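Owing to the predicted nature of the structure, the values given are computational and were not obtained by experimental measurement. Numbering of ligands and ligand atoms starts at 1, following listing order. Counting from 1, the numbers follow the sequence of the chain as shown. Quick note: numbers below take in every heavy atom, side chains included, and nothing from hydrogens, waters or symmetry partners.
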Amino acid sequence: MAAQMTDAHRRFLQMMMCKGIVEGSEATNLHKHCCETDKVYYEHDKLDDFIGTINGKLQPLFMQIRKGISQDDGKVHYALVNLAETEITQMASDYTETELELFRKTMDLIILSENGFASSTDILNLADQLKTKRMKKKEAEQVLKVFVEDKWLSEKNGEYTLHTRCIIEMEQYILRNYQDVAKKCNICHSLAIQSQGCESCGIRMHLPCATKYFRGQTEPRCPNCNEFWSCDTPGVSGMGFQTHH
Ligand SMILES: [Zn+2]
Ligand SMILES: [Zn+2]
């Protein structure tokens, strides 16, 4: 049943290898571009099948093009990921032991935080507590920059979070290694890093998922326990009534 791998599939894979991650709309454009360039019949609604054919070939290499959503805006992304059992160790060939320790500690901070962000100050304070080798703040800053360039972390106004590619790639690793704290989103059931939690039952939702869920409701209530949702959700007007002057 699986379709044959064509030059269009190979071209698409090459582009994924060089980009690492693309937004859904970019993947659609790439799909079209590759089919047109290599004169392969293009079916606009068959992107996932097209990727499925590539994934069939990638399986023996423990790689996969995987679909996930950005925690930031809820948009679909496709990332080329490594499926080797110990996901974090595959970073080992690219970074030193000390850099990896800084990454792990940063990941701890992000995952254990309330909202999925760690400040650069908090991360840089870890630099001289590393067990493998102390790092100067300047050095640590440089390493963080590389993690951002390599799409393991992303940074916004001095706050760091896990990059969408990192989450797509390491979802299973994170769920296994942070069993007590890492939770799935109550709405889309994928790992919730940048998220809000219910104060009474503890379920979590991504911000874009919460916004969508609460839209049109008169009062935001937890989808699980029905208690009032006390977090401020962007795009949702609090109690659902307007102030008149
Ligand atoms: Zn979600
Ligand atoms: Zn609840």
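Arg10 CZ: more than 12 foreign heavy atoms inside a 6.0 Å radius. Sparse packing is recorded around CZ of Phe62, with 12 or fewer heavy atoms of other residues, nucleotides or ligands lying under 6.0 Å away.
Electrostatic pairing of Asp108 and Lys105 does not count as a salt bridge here, judged by no charged N lying under 4.0 Å from a carboxylate O. Between Lys156 and Asp72 there is a salt bridge, with a side-chain nitrogen of the basic residue lying less than 4.0 Å from a carboxylate oxygen of the acidic one. Lys19 and Glu26 are joined by a salt bridge, as a carboxylate oxygen and a charged side-chain nitrogen come within less than 4.0 angstrom of each other.
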What donor-acceptor contacts under 3.5 angstrom involve side-chain atoms of residues 135-147, with partners at least two apart or in another chain?
residue: Lys137; atom: NZ; partner: Asn125; partner atom: OD1; Å: 3.4
residue: Glu139; atom: OE1; partner: Lys136; partner atom: N; Å: 3.2

Which pairs would a plain distance check flag for residues 109-123, meaning a side-chain donor or acceptor within less than 3.5 Å of a matching protein atom at least two apart in sequence or in another chain?
residue: Ser113; atom: OG; partner: Ile110; partner atom: O; Å: 2.7
residue: Ser113; atom: OG; partner: Gly116; partner atom: N; Å: 2.8
residue: Ser113; atom: OG; partner: Phe117; partner atom: N; Å: 3.2
residue: Ser113; atom: OG; partner: Phe117; partner atom: O; Å: 3.4
residue: Asn115; atom: OD1; partner: Phe117; partner atom: N; Å: 3.2
residue: Ser119; atom: OG; partner: Asp122; partner atom: N; Å: 3.1
residue: Ser119; atom: OG; partner: Asp122; partner atom: OD2; Å: 3.4

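Of all protein N/O/S atoms, those lying under 2.8 Å from the Zn ion (ligand 2) come to 4.
Within a radius of less than 2.8 Å around the Zn ion (ligand 1), the protein N, O or S atoms are Cys185 SG, Cys188 SG, His206 ND1, Cys209 SG.
Between Phe12 and the options Asp7, Thr6, Ile54, a side chain to side chain contact (heavy atoms under 4.5 Å, CB included) holds for only Ile54.
Residues Ile168 and Arg165 have side chains not in contact (no heavy-atom distance under 4.5 Å, counting atoms from C-beta outward).
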